[in-house]
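Letters A, B, ... are given to chains in the order of the sequence lines, protein chains preceding strands, and every chain is numbered from 1.
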Amino acid sequence: MRRPRRVPKAGKEKGAFVQEIADPSVDFAQWYVDVVTKADLIDYAPVRGCVVFKPYGYNLWERTQEALDRRFKATGHQNAYFPLLIPESFLLREQQHVAGFTPEVLWVSTGGDEILQERLAIRPTSEAIIGPMYSRWVQSYRDLPILINQWCSVVRWEKATRPFLRTTEFLWQEGHTAHATTEEAQEETLRMLEVYRDFYENEMAIWVVPGQKTESEKFPGALRTYSVEALMGDGRALQAATSHNLGQNFAQAYEIRYLDREGQLQFAHTTSWGLSWRAIGALIMVHGDARGLVLPPKMAPTQVVIVPIGTGAEGEAVRTRARQLKDRLGEVARVHLDDRDEYTPGYKFNHWELRGVPVRLELGPRDLREQQCVLVRRDTGEKAVVPQDGLELTVRALLGEVQDNLLRRSRQKVLDSTREVQSIAEIEAIVSERAGFAAGGFCGDAACEMKVHEETGATIRNIPFAQRPAERCAVCGQPAKHSVLWARAY
RNA sequence: CGGGCUGUGGCGCAGUUUGGUAGCGCGCUACCUUGGGGUGGUAGAGGUCGCGGGUUCGAGUCCCGCCAGUCCGACCA
């Protein structure tokens, strides 16, 4: 179905609340572009697929970093930094890895006016530079495990780009670990996947499905790849983070070897795991609505915006009280007082709703007289008149309730949008109306996987840890090895 | 990478068919007014028409190339 190129946006008609963004139920893609630009998250840069991450958007990334970094440290990891440039010969050493990545590698071939003897790849991911370093650092089993993470950007020459979801350069973190045993490596791989699941659920309020990738969907060079998969507001899936057990493949390619207790030379077992600013895209597409962003309190740069109402002496009294409330609430929340004189209250309501602020506090002359204020929550739009007395507790509780509600809503959406399928026709039906996940049996044959992809555009998102009963492959009817989730993915 | 569409003050658009030297709404600036869901008024500022070439006396408008955005497809961790 070809959509109109541009859905007309509402003009300045009276009564139109949202006048800057497309209706997500009509054109979700346009809505997304409108939100990321109009809510001040990004601006487009001059190079294809590159964006400027503006302060309000970057703030979301800073919270992502803080929340994840805390979890990485708690699981024994340290941060380090490896170079942006990778010698071509390094990249070539792991065969599957090369085949997977070279189509989208950007190369540096000159420095100043000097033509380089060996081309340098701008990292598309850092296995090829970290592996050789680990090789130097590891001699003995006593040097293991190595548990390192780095925050950086990587570059991939993508053909079709979208802000956050697929960009030429993107911010992410990549953890790289080396272990003495296969068991340890596998534990680490699953431990970090669980960290991602916990982060999405408890910080982003996004319900995700953890599981294993199929052979054809796994990371180039990996033994096994795991992912957490999320469901966007339009029914398409998004791979929200991945964790790879690299087995001994990279250890062999980069000669990461150690002497074990018996004096035998062994290859280490390595893992890598990553989460990118794509998480911000998920945040937008899971919670956003027709008025724009909806941010869970834990991620919101501003959790409570105070809008004072009133003019003259009355307005001054309101503002004075608003400042007092701001100071009080500052103890329990991130509060912003919008006391700009040049905008009306109604304008500010729309302004902050577009930016997803979880709770708005309105304070006017009436409230001053009654020692009350009005709280409006962004997720449901509900208004409540509450006493100023004890406001700290009221607000803290409300923020908690918004956070919880968003997670509940996200979880319910995944449950409601996951439907059992017995045939390829049923998969087709679900993905064609972009209704979410199709859950069904899979025999494990890549041919069946490919057939579904060709006929419906859907891919196997993962093989969920939480297996459903599935006797037969929904594609070929042969006995199923496991139940999987199909969906159209970003 | 293939096909479609788009690019005109900060934003949204008209003007392109039929070439004649750029316009509207919002926003912005100043002042007044208003303020519980995008107040109203008066006076202003702001544009190498994405970039480069070509045709022409003359190009926003016609032709070619490129860049960027976007949709569909292919590809993709």
Contact class for [X] vs. all strands (heavy atom < 4.0 Å): base, sugar-phosphate, or nothing?
X      : result
A:Y343 : base
A:T37  : nothing
A:D341 : base
A:P308 : nothing

Could you give the [atom1]-to-[atom2] distance, from [X] to [N], as a whole number of Å?
X      : N      : atom1 : atom2 : answer
A:Y44  : B:rU6  : OH    : P     : 18 Å
A:R291 : B:rG38 : CZ    : P     : 11 Å
A:R236 : B:rC71 : CZ    : P     : 9 Å
A:D27  : B:rU70 : CG    : P     : 12 Å
A:W157 : B:rA68 : CH2   : C1'   : 11 Å
A:F28  : B:rC71 : CZ    : C1'   : 16 Å
A:W352 : B:rG38 : CH2   : P     : 18 Å
A:I42  : B:rG69 : CD1   : P     : 10 Å

- Among residues 354-382 of chain A, which residues get a heavy atom nearer than 4.0 Å to RNA chain B?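 Under 4.0 Å from RNA chain B: A:R360, A:E362, A:G364, A:P365, A:R366, A:D367, A:V374.
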
[N] to [M] separation - [atom1] atoms, rounded to the nearest Å:
N      : M      : atom1 : answer
B:rG47 : B:rG27 : C1'   : 15 Å
B:rU16 : B:rU34 : C1'   : 43 Å
B:rA22 : B:rG40 : P     : 31 Å
B:rG23 : B:rU48 : P     : 14 Å
B:rG73 : B:rU17 : P     : 34 Å
B:rA45 : B:rG2  : C1'   : 46 Å
B:rG9  : B:rA14 : C1'   : 15 Å
B:rC32 : B:rC11 : C1'   : 27 Å

- Using ring-ring contact (aromatic ring centres under 6.0 Å, His included) as the criterion, point out the one residue from A:Y226, A:W172, A:F72 that pairs with A:W273.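 Single ring-ring contact (aromatic ring centres under 6.0 Å, His included) partner of A:W273 among A:Y226, A:W172, A:F72: A:F72.
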
Residue [X], side-chain atoms from C-beta onward, closest of [options]:
X      : options                : value
A:I309 : B:rG37, B:rG36, B:rG69 : B:rG36
A:P345 : B:rG37, B:rU70, B:rG36 : B:rG36
A:K38  : B:rC11, B:rG37, B:rG69 : B:rC11

- With A:E353, the side-chain hydrogen bond (donor to acceptor under 3.5 Å, both in side chains) member among A:R360, A:R378, A:K348: A:R360

- Distance under 6.0 Å and angle within 45° of the ring axis: does A:R278 meet both against A:F170?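 Because its charged atom misses either the 6.0 Å distance or the 45° angle limit, A:R278 does not stack over A:F170.
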
- Query: So is A:R197 actually on top of A:Y200's ring, under 6.0 Å and inside 45° of the axis?
  - Reply: no

- When you check the side-chain N and O atoms of A:Q30 and A:D34, is any donor under 3.5 Å from an acceptor?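 Present: a donor and an acceptor within the cut-off.
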
- Less than 4.0 Å between a side-chain N and a carboxylate O, is that true for A:E174 and A:R123? no

- Task: Flag the pair A:L363 / A:Q388 as yes when at least one side-chain heavy-atom distance between them is below 4.5 Å, and no otherwise.
- Result: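 Sidechains of A:Q388 and A:L363: in contact.
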
- Would you say A:T189 and A:R224 make side-chain contact, with heavy atoms under 4.5 Å?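 No - every pair of side-chain heavy atoms lies 4.5 Å or more apart.
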
- For A:Y343, check ring pair (Phe, Tyr, Trp, His ring centres under 6.0 Å) against everything at least two apart and list the hits. A:Y347

- Select from A:P163 and A:K218 the residue whose nearest nucleotide in RNA chain B is closer to the 5' end of that strand. A:P163

- Message: Quick check: on RNA chain B, is the nucleotide nearest A:G49 upstream (toward 5') of the one nearest A:W172, or the reverse? Name the residue that is more 5'.
- Response: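 First, find each residue's nearest nucleotide; the 5'-ward one identifies A:G49.
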
- Mark yes or no for whether A:R93, through its side chain, and A:S89, through its backbone, hold a donor-acceptor pair below 3.5 Å. no

Complementary nucleotide for [N] - Watson-Crick or wobble, under 3.5 Å:
N      : answer
B:rC1  : B:rG73
B:rC66 : B:rG50
B:rU16 : none

Which pairs, protein N/O on one side and nucleotides 73-76 of chain B N/O on the other, fall under 3.5 Å?
from	atom 1	to	atom 2	distance (Å)
B:rC76	O2	A:R166	NE	3.4
B:rC76	O2	A:R166	NH2	2.4

- Task: Step through the shown structure and confirm whether more than 12 heavy atoms of other residues, nucleotides or ligands are within 6.0 Å of CD on A:E215.
- Result: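 No, not enclosed.
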
- Message: Parallel, tilted or perpendicular, judged at 30° and 60°: which one describes the rings of A:F53 and A:W277?
- Response: perpendicular

